[in-house]
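Below is one structure; the comments refer to it alone.
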Amino acid sequence: MTLIAEVEETLKRIQAHRGVVATMVVNAEGIPIRTTLDNSTTVQYAGLLHQLTMKARSTVRDIDPQNDLTFLRIRSKKHEIMVAPVLKTANPF
Amino acid sequence: MQTYVSTEAGEGVDEWAAAKTLVKPPDQLELTEAELKEEFTRILTANNPHAPQNIVRYSFKKRTYKPISYVDQMAVHFSLNGNMILKDSDEGRRQKIRLSTAVGSHCSIFLQAAGEEEAEESGTAEVAEAAEAEEPPPPRVKEQKLANQFNFIERASGTLNNPMRWEIYDAYVEELQKIERSKEKEKTKAQIAKREEEKKKGRKLTSLESQSDDITKISKAAKIMERMVNQNTFDDIAQDFKYFEDASDEYRDQQGTLLPLWKFQYDKTKRLAVTAISWNPKYKDLFAVGYGSYDFMKQGQGMLLLYTMKNPSFPEYVFSSESGIMCLDFHHDHPYLVAVGFYDGNVAIYNLKKATSQPSYKSSAKSGKHTEPVWQVKWQKDDMDNNLNFFSISSDGRIVSWTLVKNELVHTDVIKLSVEGTTMQGPEGLQLQTLGCGTSFDFHKKIDYLFLVGTEEGKIYKCSKCYSSQFLDVFEAHHMAVDSVSWNPYHLKVFISCSSDWTVKIWDHTVKTPMFIYDLNSAVGDVAWSPYSSTVFAAVTTDGKAHVFDLSINKYEALCTQLVVAKKKNKITHIQFNPVYPIVIIGDERGHVTSLKLSPNLRRMPKEKKGQEVKKGPEVEIAKLDKLLNLVREPESKAEK
């Protein structure tokens, strides 16, 4: 399968998974490129989470520049938000 | 002048209209109208108003006092005496010398008074010179600070944010990579193209803003996200897998249980049976499942799926084939190569590194494929030309060695399983031989040429790779087809076999009769030794039960007999132990793979003596049982206390 088709399928599967409310894909500037939510909520989430992820990543890297953020999870009373950033440095998967 | 407004308290409406009278201070000048309109001019000059305008000087020439035309108009408002000295003046030079020689071990104290005597000056200068001559030129106080993009701060261009440490690191890493790349350019150009492509995927989007928002960049992130979502959904199973140890085993009197964990299924394999399972030698959470059909009448397509325990809902790799897959094997050194045997007699090699869903190499009718289903394949060590090779066994009675030579599969018949006493005289004096049907084989771990073959007639042949026409030994093992044979991972002489005649038998290959026989009340589909103990093995039967035995604890009965598959119509086909984790995976006829965790009672390790791993039972204990059980030797360990 081509890479694009595989990625699209993976996203579809995640969205169809039990308990998943919404999924969103955001590019490096914080602009959402794919979403399953309505526009205003998407923009709000994208902006807030982008800032938080940047802050978290700069925290991790300031402590040790060779380190990098691989995953971010925010658990709240009602939901859990999970963020998987795209790594800049080559990472053996 | 102060003015204030006073209002008379009176009629409400007209209050605001009440007259306002100006109040003047008493000493204000009273001027007439004309005088008020008079204009006064003021001129601003640069003259000092305090400077005298009538300074006179006595002129000796004219012998009178003469007024000076020009008077100094400068007015000094503020003056402060500073303490800065010109660098090149005497005093400045003296100070410089003093500072530079102050570092030295001995220091001569120079007087720092503003007015210095001449005598001292010359004296100190000499001392300074002497000091200089003694010591090597003193180290420069500070090297010229090089300005680079990170620490050059000019007041006009300074911004609030100091650059982050990791941005600096990133910049340096990029520089390094650029240098490396320029070095590589001299070698091959094709390689560079690949590397640059890979780097592009990982680079920040801002640098490639012209490109569209390519969604392929998130492939790894999407994979991680899927696994995390699965972990959340199956959180309790993941916790059980990692941490749960059944405490009730203590009260269960040596019986153990199997705790069901994840269940792996894929909708396209619902109608197919699991025909082979194998764990990957490198990644201990990855396993391959082959799908096909055991039913002669209902042959369809086959599939090869690779699952990881980290993602129970969807396989990592999916391959489909025209014919059902009957067996598979991972290469030990190249864990991305999978050898597969098909129902139509073909064999193939799948390369997981390549993205295609087709096998990399496949046999064909021309290249000597089997004429019957291939029941087992096993990789061997690379041959002398460093070519990959593997063996396959099939019901057509041939054991074939396949070698990968120059991207093609070349076959060599190793052994033909001829059944003794059945050579017949054919027409024109030909000797016909009926061939037995091989159903399983296993190679010895240490002795390279030695291997065992199980056949449909129930016999087990001990063979050698060197002798192609004769067997080393024959065991009359079972009454029906031998489904699986397997050498013990520790003991060099013991192997186990299972068959559809409901029995599992343990043998010593030097003895013709089995050591142990277990009757499991149903056809046994598969048997497997555990990797952590030489006395533990598990067997699965077609009535859906899994049996786990530990010979060191109980020689006659299973420690655990558990119904694994819910529906009675379902049969279990295969079982495999995970090499590191205490779990087993079991495949059934409906295309499901279930993972189960072994309870502590099934994993009991006898105390090892001096860290010995290979367990060989003491002969004395065995001899006692030998007399009871047909002079059989028990190859298990017992801690000598």
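Here is the naming used below: chain letters follow the sequence lines, and residue numbers restart at 1 for every chain.
Residue A:Val60 does not touch chain B at all, counting heavy-atom pairs closer than 4.5 Å. Of the atoms belonging to A:Leu11, it is side-chain heavy atoms, and not backbone ones, that fall under 4.5 Å from chain B.
With respect to chain A, the highest number of heavy-atom pairs below 4.5 Å among B:Asn232, B:Asn230, B:Ile218, B:Thr233 belongs to B:Asn232. If you tally non-hydrogen atom pairs under 4.5 Å between each of A:Met82, A:Glu80, A:Arg57, A:Arg34 and chain B, the highest count goes to A:Met82.
A salt bridge links B:Arg227 to B:Glu316: at least one charged side-chain nitrogen sits closer than 4.0 Å to a carboxylate oxygen. With respect to A:Glu9 and A:Arg13, a salt bridge is recorded, a charged nitrogen being found less than 4.0 Å from a carboxylate O.
Ring orientation note: the planes of B:Phe264 and B:Tyr307 are tilted relative to one another, at an angle of 30° to 60°.
Annotation for B:Lys284: atom NZ counts as buried by contact number, over 12 foreign heavy atoms lying within 6.0 Å.
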